[in-house]
Amino acid sequence: MQNMQVVVRRLGSARGVLSVCQWPEKHSLLRRLSAKAQSPRPILSVAPIRALVDEKFKVSVENLPPAAPVTVHSLHQSEDQDCWEAYGHYISDHRGTVSVSEDLSFGGTYSGKEPMGLLWSMRPVPGSRFGLRLRKMDVCAPMLVNISVFSGHEGFREHTPLASVVTERWHVAPGVQRVEVTIKGMRGTLFIPPGLGAFPGVLDIWGGGGGLPEYRAALLASHGYATMALENFALDDLQGKNLDLNYFEMALDKLKNHPQVISDRVGVVGLSLGAIFLLYLTAKSPTFKPQCCVSISGSNVWSSDNTLKGVYKTLFRKFDKLRLGENDSHIWQDVGLEFIHDPTNVVDMTQMLRSAGKEHLVTSVIYYDAGHLIEPPFSPHFRATAFKVRGNEQNVIMLWGGHTKPHADAQEDSWTKILTFLKQHLYSSD
Amino acid sequence: MEGKKRPVKLSVHPSRGLVDEKFTVLVQNVPPGFQLTVHALHQCEDGHSWHAFGHYTADSTGAVNVAEDLSLGGTYSGVEQMGLLWSLRPVPGSKPGLRLRKMNVQTPMEVTVSVFRGHQTEGFEDQGPLVSVVVERWYMAPGVCRIPVTEGGLTATLFLPSASGLFPGILDLWGGGGRLVEYRAALLASRGFASLALDYMTPKISLETGQMVENEYFETAFRVLQQHPQVLSSRMAIVGLSLGSSVAFQLMIYSQVIKLRCAVCISGSHVQPAGGSVKQTLDYLSRNSGNTCFNEKNELICRDLVLPIPTDPKLKADVGQLRCPLLLVVGEDDQNWAVSESAVDMKQMMEQAGNSHLLTVLSYPNAGHLIEPPYSPHTRSSNFRSSVDNSFVVLKTLWGGETVEHSRAQEDAWRKILTFFRENLYGRGSALVSNL
C-alpha cells in the first residue's frame, strides 16, 4: 500500500515544504522511550475512510489535552506530482476532542464550521508552480489524501504530526465498468453501473480545453447512470478543421442504442463550451432529443451560419476587447464565455423560452461569487489556471473567477441539484 | 407492472467499508407498497457461494431503507441494518460444515447486493434481479502496512496502521486450528494498533522439526513486536481466542519477558497445567477426551474437557497474580470450551487474591464459541481439524450459539474490545472496573 512520503520537486522555500511532504521514516529509540509512558496519545479518525468524492466524511481527534490548540491538515500528491494541502486551526473541548464536522476552524485555508474544508480549500503547497489545476485523469484509482493532526496553530509545520491517517476518495463505485469508444475519430469513454440491467443514460460534454476528463461521468455512473464522457473540440480546432455538429448527434444516438441504456431515459450535461453546443443542438437539431439538459457555466451564444467555425468567429469577434486582469490573466467575459455569476445571459435565455411558451421547462440557478469551473463537490477552487488558446505556443493564465468559499458552496449545492434533477427526469418520470 | 416501468434505484453507503462499519442499503423508485427481496451474494475464497436476503414492502414514497424498515422474513427478520451480512449462509446444495474466513486480507470481501421482485426464498440464481450493486468490505484501511515476519524463526505477519508514526502493539493469537490467520490483526491495525498475527500451531519451524513450539516462541514474537521502531514498547497487549486465550493466560502470568498494559481473552479458559506449554495444555485436554460427546447430528461437543473446574492450583493459570486489566468475552452457549464456568472461577480466584478490580467479564446469552469481528456470519458448527494423539483429524465440531444473539454479541463485544484497548493503550492506562 503506497504511503504518503513524497519529496516535492520544486522546493521553493525548501525547508518549509520538506517538513510538510516528508515524515521521517524511522523514530530514534530515544524518541520512543521519551514519549511519555503515561500520557494519552491522540487518536485521529476519518469515517468513512473510503468514500466517493461526492460523499462527506467526519474527521475527529480524541485524547488531546483539554482546550489544546491543534491544526488538522490534509495533504495530497496529484498525478502531476504537485502537492496540495489544506488546514484548519482548532481548539479541543473539555474532553480533549476535536470534531471537524461540528467545531469551528479559527483560521488556516478555511474558517468556521466546515466539515469538508480539508478538501475544497486545498491549494498548492508553498513553492509550487503557478496556475495549477487539480483534476484526476485516472478515475479508476482513488485519490489518496493524508489527514494529520499537529500541535499548535502558528508554525504547526515545525512539529511531527501527532497522528496521521490516509483516506481514499473514489470517482467510481465498485463494479462500475469503463469502456473506451470512438465516434468519428473522436474519443469518448462510457461508464456503466454494475449489474446486468439497463440504466438511464447521460451524455457528458466537456469544455473547450480539449482532452477527455472522465471524473464526472465516472461519478454519474456510480449514481446509476450509464454515462458517456465526450471529448469536445479544443478551441483551437474550431478555427482550423471543418467540424461537424453531427458528431454530438451521433454520440447521443450511440448512447441511446447501447444495450444497457434505456433509450427514452437519456439526458445531456455540458460544461462551458459543451454547454454552448448542447443548448444549440437541443433547440435546433431534429435528432438531438435528450430527456433533459444540464448546462453548467454555459451560454446560448451562437452564429447565424450554424457552423463551428462560425461559433469560433462569434466568440472571438470581440477579442480585441480582451481585458487583462490580475497578474496579466485573461478575462474573457466580454468575449462570449459568460460567467455564471453574470445573470444577464440567463435572463436572455429565459426571455427566449418565455416567448416560445416553454419557460416552465427551465430552472436557472445563479451562484454569485462562484467562478466558471463548477466541478463536483469538494474539489478545490481554481481562480486562475493555465489554459491553451489560439494555437499559441505559450499558455496563458485564464481568470475563471470566483472566491473559494462561495465557489465551494456552489459546487456542493449544484451537484445535489444536478443529481436530483437527473433522478427526477431520468429515473422517476413515467 | 409491465410495459414502461421506472428503473429501480439501489444504493449502499459506504460502498467501500471496513468490515466493522455499518452500511445503509436504500431502494428507491419502486411503486408504493411494492413487495421486494433485498439479496446479498458473496463468493468466498474457497469458491463457495453464500447468500442472505430479507423481504420488504416499499413505503408510500416507493422506498425501502434496510436500516429502518422491517424485514418480514428471509434469512433475517425485523429491523436489521446489517442482516444482509451476518445472516449470510451457504447457498442450498453446498457442502456441509463450511466456515467463512478471509485469508487474503489485502483484497476486499465483495458482496453483490440486489433487489428482486416479490418475496422470494429460492431460485435467485435463475432470475435476473431488478438492479444490483457491488459492495466492498475491507479488513485493511488505506495506509495500513502488511509485513511478513520470519525473524527469530517466527511465522507471523505484522500490520502497522501506517508507514510512519508510533503505535501500541498487540499480539494476536487464534485457536487450535492453526494456520496464519490475519484478519483480526489487520482490523486492529486499521483501528490504530500495530498488531502481530502469529501462527503457533502450524508454523514453518514445527512443520520442519515435527515439534510444537515452546513458550520461548511467544516471547520471541512479543519481543520482535515490542522492539519494532514504530511500536511503543510500554504499550503492549495480547488478544487471544480459544486456545489462544490459554496461551495468553500463560504468558501474562508466568513469562518474565512479557509485560502487558492489558489483555483480552475471548472464548477462553484458564484451566491448563500452570506455566505449561501449548503441548502440555493439549496433552492435558487429551487425557480428558473421555469427557467429549456427540450430539444427535454427530457434532463433537468438547466443553466438558475442562470440567469440572479443578480445585488443584497446579491445573489452573493463577489469575490472582495478574497485574493488568483483563477483559473476558464469553458466549454462554459455547459448546467447545466451558467458558462461563471458567469465568466464574477466575472471578472467584481474583476476588480471593484482591485483584478482581482488574477483571471485566462480557457474558453473552446464546452466543457460541467463535466470537468474530462484527457482521461475520455465525458458524454454529463446522469441520475442524484438531490434533488427536500427534495426528490431525477433521471432525464436525459444535461451536454453539443462536445466530441472531451471536451476531449481536459479536457487534457489541468488538466495540467494547476497541474501547478497552483505546483506554488502556492510548489513554492513561488506568484499570477498568465493570462487570457487565
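So you know, we letter chains A, B, ... as the sequences are listed, proteins then strands, and number each from 1.
- Between chain A and the options B/Arg191, B/His13, B/Arg146, B/Gln106, the largest number of non-hydrogen pairs under 4.5 Å is found for B/His13.
- For chain B, the option among A/Pro174, A/Pro194, A/Gly195 with the highest count of heavy-atom pairs below 4.5 Å is A/Pro174.
- For NZ of A/Lys58, the number of neighbouring non-hydrogen atoms (other residues, nucleotides, ligands) closer than 6.0 Å is 12 at most.
- For A/Pro48, the parts sitting under 4.5 Å from any heavy atom of chain B are the backbone and the side chain alike.
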### Task
Determine, stepwise, if the pair A/Arg41 / B/Leu232 fulfils side-chain contact (heavy atoms from CB on, under 4.5 Å).
CA-CA 11 Å; A/Arg41 300 191 60 79; B/Leu232 294 161; 3.2 Å; yes

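- In this structure, no portion of B/Ser11 lies under 4.5 Å from any heavy atom of chain A.
- Only the side chain of A/Ile262 comes within contact range of chain B, judged by heavy atoms closer than 4.5 Å.
- Residue A/Leu162 holds its CG atom at 11.0 Å from CG of B/Leu166, rounded to the nearest 0.5 Å.
- Annotation: maximal heavy-atom pairing with chain B below 4.5 Å, among A/Ala198, A/Gly175, A/Ala173, occurs at A/Ala173.
- Put simply, the side chain of A/Lys423 never gets that close to the backbone of B/Lys9: no donor and acceptor are under 3.5 Å apart.
- With a 4.5 angstrom heavy-atom cutoff, A/Pro142 does not touch chain B via any of its atoms.
- Put simply, of B/Ser15, B/Gly17, B/Pro108, B/Pro161, the one with the most heavy-atom pairs under 4.5 Å next to chain A is B/Ser15.
- The distance from atom CG of A/Leu196 to atom CG of B/Leu130, rounded to the nearest 0.5 Å, is 11.5 Å.
- For the atom pair CH2 (A/Trp170) and CZ (B/Arg16), the distance works out to 4.5 Å, reported to the nearest 0.5 Å.
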#### Entry: B/Asn29 vs A/Ser428, side-chain contact (heavy atoms from CB on, under 4.5 Å): CA-CA, chis, key distance, verdict
CA-CA 6 Å; B/Asn29 229 34; A/Ser428 306; 3.2 Å; yes

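- With a 4.5 angstrom heavy-atom cutoff, B/Gln28 touches chain A only via side-chain atoms.
- The shortest side-chain heavy-atom distance between B/Arg6 and A/Tyr427 does not fall under the 4.5 Å cut-off.
- With a threshold of 4.5 angstrom between heavy atoms, A/Val46 does not approach chain B through any atom at all.
- Neither the backbone nor the side chain of B/Val12 comes within less than 4.5 Å of any heavy atom in chain A.
- With a 4.5 angstrom heavy-atom cutoff, A/Leu52 touches chain B only via side-chain atoms.
- Distance CD/A/Glu62 to OH/B/Tyr426: 11.0 Å, rounded to 0.5 Å.
- The local environment of CD in B/Glu151 is sparse, with at most 12 non-hydrogen atoms from other residues, nucleotides or ligands closer than 6.0 Å.
- B/Leu18 touches chain A through its side chain: at least one heavy atom from C-beta onward sits under 4.5 Å away, while N, CA, C and O do not.
- Atoms OG and CD1, on B/Ser190 and A/Ile49 in that order, are 8.0 Å from each other to the nearest 0.5 Å.
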